[in-house]
Protein chains: 2
Amino acid sequence: MTSKPNVRQPGHVACRDCSLSSLCLPLALSLQDIDQLDRIIKRGRPLKKGEHLFLEGDPFTSVFAVRSGAIKTYTATNEGEEQITSFYLPSEILGLSGMDTDVYPVSAQAMETTMICEIPFDQLETLSDRFPELRRHMMRLMSKKIREDQQMMMLLSKKNADERIATFLINLASRFRRRGFSSQSFRLSMSRNEMGNYLGLAVETVSRVFTRFQKNGLIFAVGKEIEIRDPVQLCSLAGGKSVDLEQIISTA
Amino acid sequence: MTSKPNVRQPGHVACRDCSLSSLCLPLALSLQDIDQLDRIIKRGRPLKKGEHLFLEGDPFTSVFAVRSGAIKTYTATNEGEEQITSFYLPSEILGLSGMDTDVYPVSAQAMETTMICEIPFDQLETLSDRFPELRRHMMRLMSKKIREDQQMMMLLSKKNADERIATFLINLASRFRRRGFSSQSFRLSMSRNEMGNYLGLAVETVSRVFTRFQKNGLIFAVGKEIEIRDPVQLCSLAGGKSVDLEQIISTA
DNA sequence: TGACGTCATTGAGTGGCCTCAAAGTCGTAT
DNA sequence: ATACGACTTTGAGGCCACTCAATGACGTCA
């Protein structure tokens with residue numbers, strides 16, 4: 001390899017040139033500061049579908065940003081089945097929950113071919129000492145994650161199958177929209193099985209709800225391709241006070 | 001009032017003299033550093049049962065540590081009912097999830113007479129700039145909260161009523177134990193209704209499970225007083241890989 | 001292109017937990 | 001001490017989502 005510090009492999013984009021930077025980086029960082037962050041970020045080869053980014057119990061060393069593709073995190077239940085805890089789409093950050101135990105509490109696996117930016121945590125901490133804004137960004141990220149998890153707890157303890165799936169679809173739509181993609185029409189990166197696992201439903205229930213939604217003109221689904229046909233009704237099913245919902249409606 | 005800076009009202013204990021400090025403060029802070037933290041902490045009058053510490057939507061200004069008593073946090077569902085998101089016991093910190101929205105995403109209410117230490121967030125951030133260890137402590141707290149919430153999601157999506165209640169009791173026992181109290185015998189600060197609300201179960205189900213557990217010699221419960229009679233079996237019902245469980249067994 | 005494995009769909013039947021209803025118990029305040 | 005309200009317990013019945021089972025569709029690889 002003849003690569004010099006500033007020569008990246010093809011497909012390796014610097015943070016300052018990354019279209020996702022406004023989503024995953026604190027806005028207040030100056031260009032020079034971003035370059036400093038850029039220097040500590042490791043960009044590995046793409047992960048193929050099924051490959052693991054880290055395993056439950058692995059020593060906690062880094063947090064990760066998804067550049068393209070999709071990642072799921074999961075943990076093992078007592079009976080040894082997998083319980084999916086989160087899906088991560090491009091620009092989203094994972095690995096923050098390992099910080100206080102020094103091991104990752106979940107496994108992270110690619111659901112499709114996935115590009116990842118790795119941020120070694122000790123270097124991130126060093127950099128945090130210098131840039132208060134970066135540190136606040138990290139804390140905000142974690143705070144947001146806590147709120148999202150609590151929304152999820154609400155879904156799991158109070159919503160029925162229809163509401164869970166409506167909520168899930170609206171949430172995905174909102175995340176696609178945030179990255180500049182269509183919020184009406186997108187491709188699910190997870191199987192019905194994974195969706196059910198995440199939402200606390202049996203596969204068959206997921207399938208039945210999809211069929212019913214389609215029959216009622218709420219969505220149009222062919223395999224993993226989803227089109228949201230009636231966002232207003234889907235949002236009202238999803239309930240919730242989230243601002244996201246209104247945004248989806250307004251752009252539909 | 002004739003109080004001078006270092007004269008506290010009765011019952012107002014300085015951090016360095018607080019029996020809970022080893023639980024709620026980072027261990028690495030020196031005595032002088034602790035005194036600096038101590039100076040920014042506000043100790044209000046005790047909250048009576050039912051009083052609110054903050055309401056959902058209130059501007060986010062502070063994080064709080066419970067000194068005595070108990071706090072529940074809750075949010076409103078779409079139908080306007082309350083959904084309890086957490087219970088906080090002495091030495092535990094709440095309010096961290098409002099950090100990225102500038103408003104509290106939940107309401108916090110005293111379940112019994114409760115003493116609180118209030119830590120204004122802007123001053124905490126200033127202090128964090130100076131003490132990296134304090135900052136890491138905050139992040140570890142949030143990371144821990146994320147892991148706990150994920151355990152809760154697992155409970156809600158995979159466990160049946162028996163397992164949920166066993167898990168809940170074991171978890172409480174472990175938290176009492178951590179503060180030096182008995183993990184076999186304690187007093188619940190929440191009603192059956194609140195427990196069910198939190199665990200995603202109807203009150204009647206909670207009551208039935210309690211009765212059954214008692215019949216089977218797992219627990220002995222009179223009103224809110226709980227005695228764990230068969231911690232081993234209760235833990236095995238609770239399942240989970242948490243180290244807490246083993247500790248409960250070993251001290252039972 | 002055909003065969004295979006994986007994933008998705010659909011149906012039938014069951015069971016766990018919820019809802020509704022009523023009686024019993026506890027705590028508190030007058 | 002007594003009465004009231006709030007909480008808890010217990011029972012009966014119903015529903016939603018699960019399990020089990022079989023068929024159908026898709027994608028992949030030889």
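Chain letters run A, B, ... following the sequence lines, proteins first and then strands; every chain starts at 1.
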Interatomic distance where [atom1] belongs to [X] and [atom2] belongs to [N] [whole Å]:
{"X": "B/Arg212", "N": "D/dT9", "atom1": "CZ", "atom2": "C1'", "value": "14 Å"}
{"X": "A/Glu225", "N": "C/dA8", "atom1": "CD", "atom2": "C1'", "value": "16 Å"}
{"X": "A/Ile219", "N": "C/dA8", "atom1": "CD1", "atom2": "C1'", "value": "14 Å"}
{"X": "A/Asn160", "N": "C/dC18", "atom1": "CG", "atom2": "C1'", "value": "13 Å"}
{"X": "B/Asp162", "N": "C/dC17", "atom1": "CG", "atom2": "P", "value": "7 Å"}
{"X": "B/Lys159", "N": "C/dC17", "atom1": "NZ", "atom2": "C1'", "value": "18 Å"}
{"X": "A/Arg164", "N": "D/dA17", "atom1": "CZ", "atom2": "P", "value": "8 Å"}
{"X": "A/Met195", "N": "C/dC7", "atom1": "CE", "atom2": "C1'", "value": "12 Å"}

First of A/Leu201 and A/Val222 reached from the 5' end of DNA chain D, by closest nucleotide: A/Leu201
Presence of B/Ser191 side-chain N/O under 4.0 Å of D/dA6 phosphate oxygens OP1/OP2: no
Phosphate OP1/OP2 of C/dT10 contacted by A/Thr211 side-chain N/O (<4.0 Å): yes
Residue among A/Val106, A/Thr73, A/Thr75 satisfying side chain to side chain contact (heavy atoms under 4.5 Å, CB included) with A/Gln83: A/Thr75
From [options], nucleotide with atom closest to [X] side chain:
{"X": "A/Ala202", "options": "C/dC17, D/dT19, D/dT8", "result": "D/dT19"}
{"X": "B/Glu204", "options": "D/dT8, C/dC20, D/dA21", "result": "C/dC20"}
{"X": "A/Thr205", "options": "C/dG11, D/dC18, C/dA21", "result": "D/dC18"}
{"X": "B/Arg208", "options": "C/dT10, D/dT10, D/dA17", "result": "D/dT10"}

Side chains of A/Lys144 and B/Thr101, donor plus acceptor under 3.5 Å: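 There is no such pair between these side chains.
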Donor-acceptor pair between B/Thr167 and B/Lys159 side chains, under 3.5 angstrom: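 Indeed, the side chains of B/Thr167 and B/Lys159 share at least one donor-acceptor pair under 3.5 Å.
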Cation-pi geometry met for A/Lys72 and A/Tyr74 (6.0 Å, 45°):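 Ring-cation test returns yes.
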Test of ring centre spacing under 6.0 Å for A/Phe64 and A/Tyr88: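 No.
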Sugar-phosphate only, base, or nothing, as touched by A/Gly196 at under 4.0 Å among non-hydrogen atoms: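 Here A/Gly196 touches no strand at all.
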